[in-house]
Amino acid sequence: MDRLIEAINNVQNPSVVGLDPTEALVPPQVVDSFADEVRDSVDSPEELPAAQLAVAYFEFNRTIIDAVADIVPAVKPQIAMYEALGPAGVDVYTMTCEYAAQQGLYVLGDVKRGDIGSTAAAYAHHLNGVAAAVEDGSAFDPWHEDAVTVNPYLGTDGITPFVQAATEADKDIFVLVRTSNPSSSELQMLDLADGKKVYEHVADLVEGWGAETIGEHGYSRVGAVVGATHPEEGRALRARMPHTFFLVPGYGAQGGTAQDVAGMFDADGSGALVNSSRGIIGAWKKSGKYSESMSADEALDLVAESARQAALDMRDALRIAVYR
Ligand SMILES: O=c1ccn([C@@H]2O[C@H](COP(=O)(O)O)[C@@H](O)[C@H]2O)c(=O)[nH]1
């Protein structure tokens, strides 16, 4: 986590922009502008809509990355949005990660993997790449992620391969502990026989999984996902997990505020990274400046201007609440 913490410190901004494009979040004239270019590149007409959306997503993402790269430390592409388009979408996911990394951003792949040990080891190649037959022995890294999210439901053998791969590649993982969604309590708030809640037990496991990997800033490679929509539990988890860095989704579109997440930071104003996806990439829709008559370039300019303003507003709100 040292690289992430230093990136946050450099811009004095503990927030991450979620790159979760959907058809509804990309201005239609941007999608339309790729029709001719894509028509010539597909093998069959059925591939056209997904291929066209995929190139539009990349242009949209690049616009947002360029607009925020100097004010945020990280981006979090959500792989589901890209997988929805098939192989063309997955290509755009990796291209987005690579482009963001080239701009100096920490790239957190929200892939939420988890499986039995042998399969987890295959998923963990998101982090340590594919062994390449090159003389220096370095791995080919097709994903360009600095960290991935992981589901802990399968227990220790589903997590260990990710910790090993992260250690090997100097990368990180974030394990789901207390998720932001409305139904999360159905499982996570259940009482265990020893008096703990399920999510508290997972929290204790996460501290243990990271114990051998604590960096210079006192946090391990094994982070936790803690929803902004659970301020009380987030505050308690901060005390319970002193060596675990938090990824905090749920800000903005899901209702979480800067005040809600303040207790998830440590006494030095570190220890957490707050995500907003729709609140930033969809800010152009709420700007009141959009018109269907805009050209694709004008619409992308509005996307950039609105995303930057939303990211600045989030940064400033977090600075007031956290760095007091
Ligand atoms: O508990 C969780 C875990 C992950 N997420 C992901 O974060 C973003 C949130 O998007 P918004 O548009 O800012 O609501 C999305 O990719 C989720 O899959 C989460 O929300 N909660």
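Remember, it's 1-based here, ligands and their atoms both numbered in the order they're listed. Quick note: numbers below take in every heavy atom, side chains included, and nothing from hydrogens, waters or symmetry partners.
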Looking only at protein heavy atoms, what sits closest to atom 20 (O) of ligand 1 is Q254 NE2, 2.8 Å

among protein heavy atoms, the one nearest atom 16 (O) of ligand 1 is D20 OD2, 2.6 Å

Exercise. So with a 6.0 Å cut-off around NE2 of H217, is the heavy-atom count from everything else above 12?
Worked result: yes

Looking only at protein heavy atoms, what sits closest to atom 17 (C) of ligand 1 is Q78 NE2, 3.9 Å

protein heavy-atom neighbour closest to atom 13 (O) of ligand 1 works out as S277 N, 2.9 Å

Assess, by modelled atom type and distance only, whether the side chains of D157 and T160 contain a donor and an acceptor separated by less than 3.5 Å.
no

The atoms of ligand 1 lying under 4.0 Å from a heavy atom of T179, numbered in the order shown, are 1 (O)

Exercise. Start with the C-alpha gap between D66 and Y99, add the side-chain angles, then the distance that decides, and say whether side-chain contact (heavy atoms from CB on, under 4.5 Å) holds.
Key: CA-CA 10 Å; D66 289 347; Y99 185 73; 2.6 Å; yes

min-distance protein heavy atom vs atom 7 (O) of ligand 1 -> K76 NZ, 3.2 Å

In ligand 1, the atoms that come under 4.0 Å of a heavy atom of S180 are 1 (O), 2 (C), 19 (C), 20 (O), 21 (N)

Students should find that the hydrophobic cluster of I116, defined by side-chain heavy atoms under 4.5 Å apart, otherwise consists of L154

Honestly, for D110 the part within reach of ligand 1 (heavy atoms, under 4.0 Å) is side chain

Side-chain donor-acceptor pairs under 3.5 Å in residues 52-59, sequence neighbours left out?
from, atom 1, to, atom 2, distance (Å)
Q52, NE2, V31, O, 2.8
Y57, OH, E23, N, 3.2
E59, OE1, R62, NH2, 2.7

One finds that the ligand 1 atoms under 4.0 Å from a non-hydrogen atom of P249 are 1 (O), 2 (C), 3 (C), 4 (C), 5 (N), 7 (O), 19 (C), 20 (O), 21 (N)

among protein heavy atoms, the one nearest atom 4 (C) of ligand 1 is K112 NZ, 3.3 Å

